[in-house]
Amino acid sequence: MIITIAAFALLPVSAIAVFVRMRGILRRLGERREAFPVKSPLQFAGILILAPVLVALPLIRDFDMLTVFAISGVGVMGFFIACQEIAFARHGGIYANGVIWNSAWVLFGDVDSVVKSDPNTLMILLRDRSQKFFVSANKETVERVARLFESA
């Protein structure tokens, strides 16, 4: 029961954390210079609705503690990811200091190298050795973003 209550408490906390984090990221990125096509956030609305149902499942049926922990964890993670996708959906674009696409963002100053693995995909290696991928159906957008990262 404690795990389920804790998971329910984490749902609004994770939503608030996503929106606070997003505002900080937008401040760091600066002014938007070009907007990418807006991805529909409706595909994640179902996850927002079903995640609390998943967390409540142990209240309806008896599970062992490990299963309750796993079910609650999946529900909270799904809720967090859906909130993040919805929050960033309308903010995709090229900014003064970086780029946002889907729910990923990169500052120009953090980029170490850019590898174009195919005409629609960029693999961006950051200075901390982590990788981000930029994938777009529009080859011109991929080219433009690659030039921006290489010139920064």
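Worth saying up front: this structure is predicted, and the values here are computed from it rather than measured. Below, all heavy atoms of this structure are taken into account, side chains as well, without hydrogens, waters or symmetry copies. Along the sequence shown, residues are numbered consecutively beginning with 1.
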Do [X] and [Y] belong to the same hydrophobic cluster, where Ile, Leu, Val, Met, Phe, Trp and Tyr are linked whenever their side-chain heavy atoms lie under 4.5 Å apart, directly or via other members?
{"X": "I71", "Y": "V74", "answer": "yes"}
{"X": "V53", "Y": "I3", "answer": "no"}
{"X": "I5", "Y": "L59", "answer": "yes"}
{"X": "I100", "Y": "F19", "answer": "yes"}
{"X": "V106", "Y": "V145", "answer": "yes"}

Locate the shortest heavy-atom distance separating [X] from [Y]; write the atom from each residue and the value.
{"X": "I86", "Y": "A45", "answer": "CD1-N, 4.5 Å"}
{"X": "G75", "Y": "A51", "answer": "O-CB, 3.3 Å"}
{"X": "N97", "Y": "G30", "answer": "ND2-N, 4.1 Å"}
{"X": "R32", "Y": "G93", "answer": "CD-CA, 4.3 Å"}
{"X": "V18", "Y": "A87", "answer": "CG1-CB, 3.8 Å"}
{"X": "V55", "Y": "V76", "answer": "CG2-N, 4.3 Å"}

Within a 6.0 Å radius of atom [atom1] on [X], are there more than 12 heavy atoms belonging to other residues, nucleotides or ligands?
{"X": "D64", "atom1": "CG", "answer": "yes"}
{"X": "Q131", "atom1": "CD", "answer": "yes"}
{"X": "I2", "atom1": "CD1", "answer": "no"}

Does [X] reach the main-chain N or O of [Y] with its side chain, forming a donor-acceptor pair under 3.5 Å?
{"X": "N120", "Y": "V142", "answer": "no"}
{"X": "D128", "Y": "S130", "answer": "yes"}
{"X": "R27", "Y": "M22", "answer": "no"}
{"X": "T121", "Y": "D118", "answer": "no"}

Set of ring-ring contact (aromatic ring centres under 6.0 Å, His included) partners for F134, sequence neighbours left out: F36, W101

Working to the nearest 0.5 angstrom, can you tell me the gap between [X] [atom1] and [Y] [atom2]?
{"X": "F133", "Y": "N102", "atom1": "CZ", "atom2": "CG", "value": "13.5 Å"}
{"X": "L29", "Y": "F108", "atom1": "CG", "atom2": "CZ", "value": "8.5 Å"}
{"X": "I47", "Y": "I81", "atom1": "CD1", "atom2": "CD1", "value": "8.0 Å"}
{"X": "L54", "Y": "L57", "atom1": "CG", "atom2": "CG", "value": "6.5 Å"}
{"X": "L122", "Y": "T141", "atom1": "CG", "atom2": "OG1", "value": "10.5 Å"}
{"X": "R33", "Y": "E31", "atom1": "CZ", "atom2": "CD", "value": "7.0 Å"}

Take L126 and D112 through the test side-chain contact (heavy atoms from CB on, under 4.5 Å) and record every step on the way to the result. CA-CA 5 Å; L126 302 177; D112 188 35; 6.0 Å; no

In the structure I gave you, are the side-chain heavy atoms of [X] and [Y] within less than 4.5 Å of one another anywhere?
{"X": "P52", "Y": "L11", "value": "yes"}
{"X": "E85", "Y": "Q43", "value": "no"}
{"X": "E150", "Y": "V111", "value": "no"}
{"X": "Q84", "Y": "R21", "value": "yes"}

Show your working on side-chain contact (heavy atoms from CB on, under 4.5 Å) between I25 and R28 and close with a plain yes or no. CA-CA 5 Å; I25 291 168; R28 289 178 66 192; 5.7 Å; no

Is there any ring pair (Phe, Tyr, Trp, His ring centres under 6.0 Å) pair reaching into residues 43-93, and which pairs are they, with sequence neighbours excluded? none

Hey, mind stepping through Y95 and V99 against side-chain contact (heavy atoms from CB on, under 4.5 Å) and telling me if it holds? CA-CA 6 Å; Y95 289 78; V99 175; over 6 Å; no

